[in-house]
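Note that these values count all heavy atoms, side chains included, but never hydrogens, waters or copies made by symmetry. Within every chain, numbering begins at 1; the chains are lettered A, B, ... in the order of the sequence lines, protein sequences first and strands thereafter.
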Protein chains: 2
Amino acid sequence: MDRLFQAFADATRRDIVRRVTVGEYSVSGLAALYAMSFAAVQKHVAVLERASLVTKEKRGREQIVRANHAGLHKARSLLDEYEVIWRQRTERIADLLAETDPQANEKSAGKAETSEAEA
Amino acid sequence: MDRLFQAFADATRRDIVRRVTVGEYSVSGLAALYAMSFAAVQKHVAVLERASLVTKEKRGREQIVRANHAGLHKARSLLDEYEVIWRQRTERIADLLAETDPQANEKSAGKAETSEAEA
DNA sequence: CCGATCTACAACCATTTGGTTGTAGAATAG
DNA sequence: CTATTCTACAACCAAATGGTTGTAGATCGG
């Protein structure tokens, strides 16, 4: 999980994932697209591979880089979880506000959450 | 963008985001939950703040840490883009396969993509 | 008021990161 | 066959990272 997000924490690597999702590229094909050494691009691909965001397939002397959808899906799933938590929270607050007097209850809710968090 | 994903590339920080999405925590409240120094947790919070994933609000001598939904949403949006690209790709391939002879066309599609990528 | 709690900030450290240049073997093209 | 292309790997470097201990000021509780 650390590796997965770490892999996305670089613009070149995000671009590589985008390109290999759109179409098929060899490592050298990718290297031609960026203003950096071949070895640097190689390293980026290695990071992505290690994070299971891409796979490499040897084709003759070339290595073809392909997107691994499952890796991407994994990251999305985690972020979706946070979204769910967030929605639950906002709904919970909305419910409380709808039930009783806004001012008195907002104060009470704040206290309840704090003591829950510190417990 | 780099910072945003970088911030998620650590388990403690992911956990911090989860907690402050669920409920309200002070920095020291968070620090009590992890087996590391206060200063280390402080650093993690600083990373999250810098990535706009949380906000800090001074309340007396305490700093209350809150989730910033917009930051999270931003990361999700980017990952959604990849999903869209992926879907477009799989649909495009499915269309091609549905139109003509599977074997001959699969080979032709592979070639067309390669030359497009290298152009 | 004073001790306790909370925080900001600094300096340190080992490890990792994102790049570089260099070497050399494998595959390909002419 | 030979020059070119492609790749793996190594060594290097400056900067960043994820932790540590230490100092000191602000706020709080009794």
Side-chain angles (χ1 to χ4, degrees), chain A residues 1-20 24-66 110-111 114-115 117-119, chain B residues 1-20 24-66 110-111 114-115 117-119:
Chain A
M1 217 65 222
D2 287 2
R3 285 203 187 113
L4 209 153
F5 286 108
Q6 178 63 41
F8 268 113
D10 180 81
T12 301
R13 287 204 290 272
R14 289 197 296 276
D15 198 59
I16 289 173
V17 172
R18 184 181 63 77
R19 288 179 188 277
V20 300
E24 198 168 84
Y25 286 84
S26 64
V27 175
S28 54
L30 288 170
L33 302 169
Y34 303 104
M36 65 182 70
S37 66
F38 172 81
V41 173
Q42 228 182 352
K43 273 193 172 181
H44 283 313
V45 171
V47 170
L48 291 169
E49 191 182 19
R50 198 155 162 247
S52 301
L53 284 166
V54 302
T55 55
K56 286 206 297 184
E57 177 195 335
K58 194 170 174 64
R59 189 200 291 166
R61 69 188 171 183
E62 290 190 317
Q63 288 276 4
I64 304 301
V65 185
R66 291 203 165 90
K111 286 251 170 160
T114 302
S115 62
E118 286 167 3
Chain B
M1 215 68 223
D2 287 3
R3 286 202 187 113
L4 208 152
F5 286 108
Q6 177 63 41
F8 268 115
D10 179 81
T12 300
R13 285 203 292 271
R14 289 197 295 278
D15 198 58
I16 288 173
V17 172
R18 184 182 63 79
R19 289 180 188 276
V20 301
E24 198 170 86
Y25 286 84
S26 64
V27 175
S28 55
L30 288 169
L33 301 169
Y34 303 104
M36 65 182 72
S37 66
F38 172 80
V41 174
Q42 228 183 350
K43 273 193 173 179
H44 283 312
V45 172
V47 169
L48 291 170
E49 192 182 17
R50 199 154 162 248
S52 301
L53 285 166
V54 302
T55 55
K56 288 205 298 182
E57 175 194 338
K58 194 169 174 66
R59 188 199 291 166
R61 69 188 173 185
E62 289 191 316
Q63 288 275 8
I64 304 301
V65 184
R66 292 203 165 91
K111 285 252 172 155
T114 301
S115 64
E118 285 168 6

*Return the value, rounded to whole Å, for the distance between atom OH of Tyr34(B) and atom P of dG18(D).*
15 Å
*Salt bridge or not for Asp10(A) and Arg14(A), using N-O below 4.0 Å?*
no
*When the distance from CZ of Phe5(A) to C1' of dG18(D) is rounded to whole Å, what number comes out?*
18 Å
*Where each residue is assigned the nucleotide of DNA chain C containing its nearest heavy atom, which of Gln63(B) and Lys43(B) is assigned the position nearer the 5′ end?*
Gln63(B)
*Closest heavy-atom contact between Phe38(B) and Ala31(B)?*
CD1-CB, 3.6 Å
_Boundaries of the DNA chain C segment in contact with chain A, non-hydrogen, under 4.0 Å_ = dG18(C) to dT28(C)
*Measure the distance from NZ on Lys58(B) to C1' on dA26(D) and round it to the nearest whole Å.*
7 Å
*Value in whole Å for how far the C1' atom of dC6(D) lies from OH of Tyr25(A)*: 18 Å
_Check this for me, if you would: do Glu49(B) and Lys43(B) make a salt bridge, where the nitrogen-to-carboxylate-oxygen distance has to be below 4.0 angstrom?_
no
*Reckon Arg3(A) touches a base, only the sugar-phosphate, or nothing at all at heavy-atom distances under 4.0 Å?*
nothing
*Which part of the nucleic acid, if any, lies within reach of Gln6(B) when heavy atoms closer than 4.0 Å are counted: base, sugar-phosphate only, or nothing?*
sugar-phosphate
*Atom pair distance, as rounded to whole Å: CG in Leu30(A) and P in dC6(D)*: 12 Å
*Would a 4.5 Å heavy-atom cut-off, applied to side chains only, mark Val47(B) and Gln6(B) as touching?*
no
*Which residue lies more 5' along DNA chain D, comparing Ala35(B) with Arg50(B) via nearest heavy atoms*: Arg50(B)
_Of Thr12(B), Leu48(B), Val65(B), the residue whose pairing with Val17(B) passes side-chain contact (heavy atoms from CB on, under 4.5 Å)_ = Leu48(B)
*How close do Ala40(B) and Met36(B) get, heavy atom to heavy atom, and via which atoms?*
CB-SD, 3.7 Å
*Of all heavy-atom pairs between Ala7(A) and Leu53(A), which one has the smallest distance, and what is that distance?*
CB-CD1, 3.7 Å
*Select from Asp10(A) and Gln42(A) the residue whose nearest nucleotide in DNA chain C is closer to the 5' end of that strand.*
Asp10(A)
*To the nearest Å, how far apart are Arg59(B) CZ and dC28(D) P?*
11 Å
*Heavy atoms under 4.0 Å, any strand shown: does Ala31(B) hit a base, just sugar-phosphate, or nothing?*
nothing
*Taking only the side-chain nitrogens and oxygens of His44(B), find out if one of them lies under 4.0 Å from OP1 or OP2 of dT17(D).*
no
*Using a heavy-atom cut-off of under 4.0 Å over every strand shown, decide if Ser28(B) touches base, sugar-phosphate, or nothing.*
sugar-phosphate
